[in-house]
Engineer: 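Here it is: the structure, laid out below.
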Amino acid sequence: MEASGSDGRQSITFPLLRGQKALVTGANSGIGKATAIGLGQVGADVVVNYVAGKDAAEEVVREIEDLGVHAYAHEADVSKEDQVVDMVARMVEEFGTIDVMVANAGLQRDAPISDMTLDQWHKVLDVNLSGQFLCAREAAKEFLRRGVVPEVSRSAGKIICMSSVHQIIPWSGHVNYAASKGGVEMLMATLAQELGPHRIRVNAVAPGAIRTPINRSAWDTPEAEAALLRLIPYQRVGDPVDIANAVAVLASDLLDYVVGTTVYVDGGMTLFPGFATGG
Ligand code: BGC
């Protein structure tokens with residue numbers, strides 16, 4: 001895409017991410033899968049990371065290749081330093097570089113505080129927070145090495161951290177998860193400040209309740225869905241594509257001046273819907 005700059009007019013060329021190389025972690029299901037396909041739809045070549053579930057990852061690769069762009073699946077546990085280093089090194093070898101890192105992989109291990117084990121705490125922090133740190137670090141190294149390539153993008157690279165409404169909404173029974181997402185917010189903001197001068201954009205997307213396997217019990221019966229909708233002013237449960245769309249636009253030069261921000265994609269869940277009638 002081209003953007004003219006000072007006169008305020010832009011000539012936009014679609015697809016938005018044509019010629020860019022994206023890596024999406026946790027891309028064989030849920031939000032990651034939709035995001036990987038969505039980035040392919042707007043022209044990016046995509047690495048589909050997964051930790052388990054090779055067949056599902058290969059299926060996502062096929063769907064992306066059907067769009068006329070390149071893709072391959074790469075198994076790696078984002079909480080393991082050597083595996084993340086190898087994953088990004090292979091991408092640079094196969095695709096030449098990386099333009100967009102979507103640090104999406106995440107999980108829940110829920111328990112009330114008195115029952116929560118240190119293993120449950122560590123597992124969630126390791127994947128959701130340390131995993132994002134490792135992915136951001138490896139992407140940043142390549143962005144810094146390569147710098148801006150104006151024909152490709154106005155920025156030297158984009159890091160998009162998948163956060164959650166629970167980066168600001170406390171969540172009883174999920175202290176490990178909420179703490180990890182609160183950490184993601186500060187990871188994102190600090191890296192945005194640190195890397196901005198190098199024309200690297202770091203931002204987060206914070207989904208609300210999205211229909212995926214991670215929260216199936218919250219929407220898969222009419223009673224559960226009705227209870228969930230009480231928390232969503234917009235009165236629908238989100239779909240993975242709602243998040244994919246936000247990531248695609250945020251990664252593109254259309255939002256080149258968006259730096260260090262969290263885009264909430266939550267149907268208004270962060271608007272304290274309890275106060276619609278109370279208070
Ligand atoms: C969690 C889901 C939850 C949603 C809204 C997400 O970050 O992973 O389990 O339904 O937040 O509470």
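Just follow the structure's listing: the first ligand is 1, and inside any ligand the first atom is 1.
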Engineer: With side-chain contact (heavy atoms from CB on, under 4.5 Å) as the test, pick out the partner of Ile243 among Ile210, Thr212, Asn104.
Structural biologist: Ile210
Engineer: For Glu59, check side-chain hydrogen bond (donor to acceptor under 3.5 Å, both in side chains) against everything at least two apart and list the hits.
Structural biologist: Arg62
Engineer: Using a strict cut-off of under 4.0 Å between a residue heavy atom and any atom of ligand 1, list the qualifying protein residues by chain and number.
Structural biologist: Gln108, Ser164, His166, Trp171, Tyr177, Gly208, Ala209, Ile214, Asn215, Met269
Engineer: Salt bridge between Asp256 and Arg201, side-chain N to carboxylate O under 4.0 Å?
Structural biologist: yes
Engineer: Could you check whether atom NZ of Lys141 has more than 12 heavy atoms from other residues, nucleotides or ligands sitting under 6.0 Å from it?
Structural biologist: yes
Engineer: Please collect all side chain to side chain donor-acceptor pair (under 3.5 Å) contacts where either partner lies in residues 167-187, sequence neighbours excluded, each pair once.
Structural biologist: Asn128-Ser180, Ser163-Gln167, Gln167-Thr262, Gln167-Tyr264
Engineer: Under the ring-ring contact (aromatic ring centres under 6.0 Å, His included) definition, can you give me all pairs with a residue in residues 82-135, not counting sequence neighbours?
Structural biologist: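 Checked against ring-ring contact (aromatic ring centres under 6.0 Å, His included) - neighbours excluded - the pairs reaching residues 82-135 are Tyr72-Phe95.
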